[in-house]
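Below is one structure, written out as structure tokens, with a few remarks after it.
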Protein chains: 4
Amino acid sequence: MRPENKPDGQQRSFIEEARRRQIIAATVEVVSELGYANASLARIAERAGISKGVISYHFDGKDELMSQVVTQLYVSGSEFMAPILTAAIADGYRAALHAYLSSNLQFIDDNKSYVAAVGDIVLNVRGPDGTLRFDTADGEREIIAPLAAALAEGQRTGEFGDFDPSVLARLIRDSIDGVAVRAVRDPDFDVRRYRTHLIRMYDAVTRKDDR
Amino acid sequence: MRPENKPDGQQRSFIEEARRRQIIAATVEVVSELGYANASLARIAERAGISKGVISYHFDGKDELMSQVVTQLYVSGSEFMAPILTAAIADGYRAALHAYLSSNLQFIDDNKSYVAAVGDIVLNVRGPDGTLRFDTADGEREIIAPLAAALAEGQRTGEFGDFDPSVLARLIRDSIDGVAVRAVRDPDFDVRRYRTHLIRMYDAVTRKDDR
Amino acid sequence: MRPENKPDGQQRSFIEEARRRQIIAATVEVVSELGYANASLARIAERAGISKGVISYHFDGKDELMSQVVTQLYVSGSEFMAPILTAAIADGYRAALHAYLSSNLQFIDDNKSYVAAVGDIVLNVRGPDGTLRFDTADGEREIIAPLAAALAEGQRTGEFGDFDPSVLARLIRDSIDGVAVRAVRDPDFDVRRYRTHLIRMYDAVTRKDDR
Amino acid sequence: MRPENKPDGQQRSFIEEARRRQIIAATVEVVSELGYANASLARIAERAGISKGVISYHFDGKDELMSQVVTQLYVSGSEFMAPILTAAIADGYRAALHAYLSSNLQFIDDNKSYVAAVGDIVLNVRGPDGTLRFDTADGEREIIAPLAAALAEGQRTGEFGDFDPSVLARLIRDSIDGVAVRAVRDPDFDVRRYRTHLIRMYDAVTRKDDR
DNA sequence: GATGAATGAGAGTTCATTCAT
DNA sequence: CATGAATGAACTCTCATTCAT
């Protein structure tokens with residue numbers, strides 16, 4: 001996670017960046033443990049061992065703080081998965097599908113509380129008009145569309161059999177989201193084992209049917 | 001939705017039952033529009049056109065109100081789907097699977113805002129210790145386990161092919177939950193069309209593989 | 001306790017009188033157990049096994065109800081003690097003093113929760129201006145003055161020695177109030193035993209000193 | 001009244017201590033004028049000329065605020081009376097008794113509204129189970145027991161005559177409490193004059209009887 | 001940069017009272 | 001006579017935010 005720049009382009013000092021990370025980490029802890037509704041700035045500050053005002057100083061408000069938490073996870077996820085996907089695509093679309101499932105589940109397994117926190121935030125932060133700030137239809141399309149396109153491309157190359165790409169893309173997405181929920185909620189849920197099953201399942205669904 | 005009895009066994013008067021329904025309806029509206037966090041009793045009362053105190057009079061507190069909303073949907077859903085499933089099972093497990101998917105999606109499509117509200121409530125209501133009050137691991141098992149059992153039984157009768165029943169049960173569940181999210185979020189999402197695709201997809205996954 | 005008449009002079013029906021007594025009894029129970037502050041009309045009605053509205057029907061409001069509780073105890077106390085005192089005075093002022101102490105303590109011992117409730121009410125019911133409605137300086141004088149007068153009369157007849165009658169009257173009153181507090185608070189406090197000591201003590205204080 | 005430390009041992013800042021004193025003073029005013037039941041945080045804040053939230057900021061809640069008021073008076077009283085009693089005991093138990101009565105009444109006279117407020121608080125603050133939080137049987141014993149012990153010791157040294165020490169201790173206590181009530185309620189009540197009578201009275205009661 | 005103090009709005013809840021039935 | 005339903009005000013408490021130091 002490289003230091004981001006301020007909105008006005010100025011670079012943040014090292015110490016400021018550290019503070020922001022500290023606050024974000026505390027936010028993730030509190031939100032994942034107590035839920036968004038109970039994650040007051042006071043509690044976050046207490047968890048971080050700092051004064052309440054510091055948060056207001058470093059973030060424009062509660063919403064911006066939460067935004068940053070979401071963005072962080074998104075960026076982290078991309079940074080983690082992008083190289084894996086890039087490497088896999090060289091071995092074909094089936095390999096890429098495996099890598100997609102695998103890396104997603106791996107990332108979830110490695111960042112359970114972060115995922116839990118972001119899940120909670122995304123479903124709760126709303127604009128003044130009451131509409132969700134994140135988790136919009138746009139967001140969905142950014143994820144579903146490329147996945148569907150890759151699946152369709154795999155069909156074109158003959159690696160995949162016949163199915164509706166955009167439906168399967170949604171199915172895959174829902175499977176991954178489902179894993180996230182279970183991994184967060186049930187400490188006994190074995191993501192690694194489930195991953196094997198999931199890959200096998202989607203292998204069967206996408207295989208070329210030569211009957 | 002028949003009138004429920006009070007905890008102490010006394011039956012509720014007709015007028016009380018009506019008020020409760022009215023308040024629950026207003027709650028569903030407000031929660032689905034503004035989210036659980038913004039669904040204050042004041043706003044719910046305002047929406048229902050009544051005074052704040054009436055809610056406290058008819059419900060033991062905010063938590064009980066929300067509990068009732070959740071319970072109502074669960075009961076309604078069961079009442080809607082149970083006969084459909086019972087009828088379908090006579091035609092075999094494949095027919096039952098079709099009916100399961102179909103009735104679930106139908107119910108979601110018919111009760112979008114209710115589904116949205118309950119989804120929000122379930123993810124936000126917590127006990128004093130910070131743990132979620134609904135949406136426990138138990139709840140999941142109550143849904144996944146019977147579904148997995150039915151799938152396994154279908155395998156035993158030879159209607160279904162080879163797959164891990166409990167994994168597929170989760171996949172199916174996640175698909176349905178995914179539909180719920182989309183139906184709620186995206187007004188253009190065509191549940192009926194998606195249903196056709198979904199059934200075809202799970203048909204393929206469960207089909208007996210004679211190759 | 002004879003039925004009182006209504007303010008307008010009309011007599012109350014038997015059934016109405018019964019209801020009032022029932023409500024007052026429930027009030028005493030609730031106030032003595034939970035304190036005046038927690039003695040809501042709802043709780044009193046629940047204790048009496050009746051609906052809230054009944055109280056409003058039979059009493060002009062919460063204040064009047066509480067007033068009646070206080071009055072009842074005052075009347076009961078007078079009815080209990082008056083004949084005892086009247087009888088004793090025939091045997092002289094020392095006997096009357098004994099009877100005064102004895103009957104007061106007896107009454108307290110026999111009506112602990114009633115005494116507790118009235119004590120609580122008297123210290124909490126206030127007028128709109130914030131001043132106590134009962135327990136005024138007037139009330140004190142109604143009690144202290146006659147007692148002091150009797151003590152002075154006893155001095156005049158030569159039964160009592162030298163002391164300030166109005167100071168001793170207050171001392172005696174405070175002793176009795178102290179017993180009430182202890183009897184109410186400490187279930188192990190032995191009023192009968194304490195009474196013996198108290199009488200002996202005030203006997204010594206009032207005895208004619210022939211040194 | 002020296003600044004107390006926080007429960008966690010940290011010292012309070014000067015400004016915080018000042019605010020707390022200000023709020024406590026306002027609480028005493030409001031409670032003594034309007035009674036505990038009418039002493040809402042809103043009214044206390046208004047009296048103190050501050051916002052409602054400030055009280056919650058400086059005190060853990062209403063109960064803690066009231067606790068502090070009670071504690072303050074207790075501490076102040078001890079600090080006022082302790083040296084007087086210590087000095088007097090050198091002159092014997094009779095002198096100590098005089099000092100006890102005298103200092104108690106002096107303190108009451110000097111802190112009328114404080115005494116009134118604490119009296120009201122002690123009789124009204126209750127735990128969730130409905131039992132009084134202060135004013136327990138323990139509290140009584142802490143006061144009565146040492147006083148009775150001192151009286152008994154005075155008997156052993158031959159300064160006092162024959163009487164039941166624990167009964168007399170209660171009598172004395174009740175006399176003092178009675179003075180507190182009168183001083184609070186009746187602005188014309190002359191505590192200094194009454195003190196003289198009281199001392200003379202208890203002198204007579206405790207004098208060695210050489211008849 | 002960081003802090004503690006203060007604000008004011010809004011939360012859920014309880015309550016005495018009124019009133020139609 | 002009695003009830004249950006409804007009101008509206010008042011309560012304590014929590015919160016995000018602002019600001020002087």
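All chains are named by letter (A, B, ...) in the order of the sequence lines, taking the proteins before the strands, and each is independently numbered beginning at 1. Predicted model, so just to flag it, every value in this text is computed and none were measured.
If you measure from atom CG of D/Leu65 to atom C1' of F/dC13, you get 14 Å, rounded to the nearest angstrom. If you measure from atom CD of C/Glu17 to atom P of F/dC1, you get 12 Å, rounded to the nearest angstrom. Between the CD1 atom of D/Ile44 and the P atom of F/dA10 there is a distance of 16 Å, given to the nearest Å. Rounded to an integer number of Å, the gap from C/Ile50 CD1 to F/dT3 C1' is 11 Å. Computed from coordinates, the A/Met66 CE to F/dT17 P distance equals 10 Å when rounded to whole Å. In this structure, CZ of C/Arg20 is placed 13 Å from P of F/dA2, rounded to the nearest angstrom. Note: CG (D/Asp63) to P (F/dC11) measures 16 Å, nearest angstrom. When the P atom of E/dT13 is taken as reference, atom CD of B/Glu64 falls 11 Å away, rounded to whole Å.
At distances below 3.5 Å, at least one donor-acceptor pair connects side-chain atoms of D/Gln22 with backbone N or O atoms of D/Ala48.
Counting only heavy atoms from C-beta outward, the side chains of C/Arg19 and C/Tyr57 never approach each other to under 4.5 Å.
Residue D/Arg19 places none of its side-chain N or O atoms closer than 4.0 Å to OP1 or OP2 of E/dG4. Dashed line: the shortest gap from a side-chain N or O of D/Ser40 to OP1 or OP2 of F/dC11 is under 4.0 Å. Contact annotation: D/Tyr57 does not reach the phosphate of E/dA6 (side-chain N/O to OP1 or OP2, under 4.0 Å). Note on C/Arg43: a side-chain N or O is less than 4.0 Å away from OP1 or OP2 of E/dC15. In this structure, D/His58 reaches the E/dA6 phosphate: one of its side-chain N or O atoms is under 4.0 Å from OP1 or OP2.
Along DNA chain F, the nucleotide nearest to B/Gly49 and the one nearest to A/Ser56 differ in position, and the one closer to the 5' end is contacted by B/Gly49. Checking C/Asp60 against B/Leu41, the closest nucleotide of DNA chain E that is more toward the 5' end is the one next to B/Leu41. Two residues, D/Lys62 and B/Val54, neighbour DNA chain F, and the one matched to the more 5' nucleotide by heavy-atom proximity is B/Val54.
Nucleotide E/dA5 is matched to F/dT18 when pairs are restricted to Watson-Crick or G-U wobble geometry with both distances under 3.5 angstrom.
Between C/Leu65 and the choices C/Ile121, C/Ile23, C/Val70, the side chain to side chain contact (heavy atoms under 4.5 Å, CB included) rule is met once, by C/Ile23.
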Item to complete: Would you check, one step at a time, whether the test side chain to side chain donor-acceptor pair (under 3.5 Å) holds for D/Gln68 with D/Gln72?
Response: CA-CA 6 Å; D/Gln68 292 303 321; D/Gln72 283 271 8; 5.6 Å; no

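Closest to the D/Lys52 side chain, of the nucleotides E/dA5, F/dT12, E/dT17, is F/dT12.
Across all strands, A/Ile15 comes closer than 4.0 Å only to sugar-phosphate atoms, never to a base (heavy-atom distances).
Using a 4.0 Å cut-off between charged side-chain N and carboxylate O, B/Arg43 and B/Glu33 make no salt bridge.
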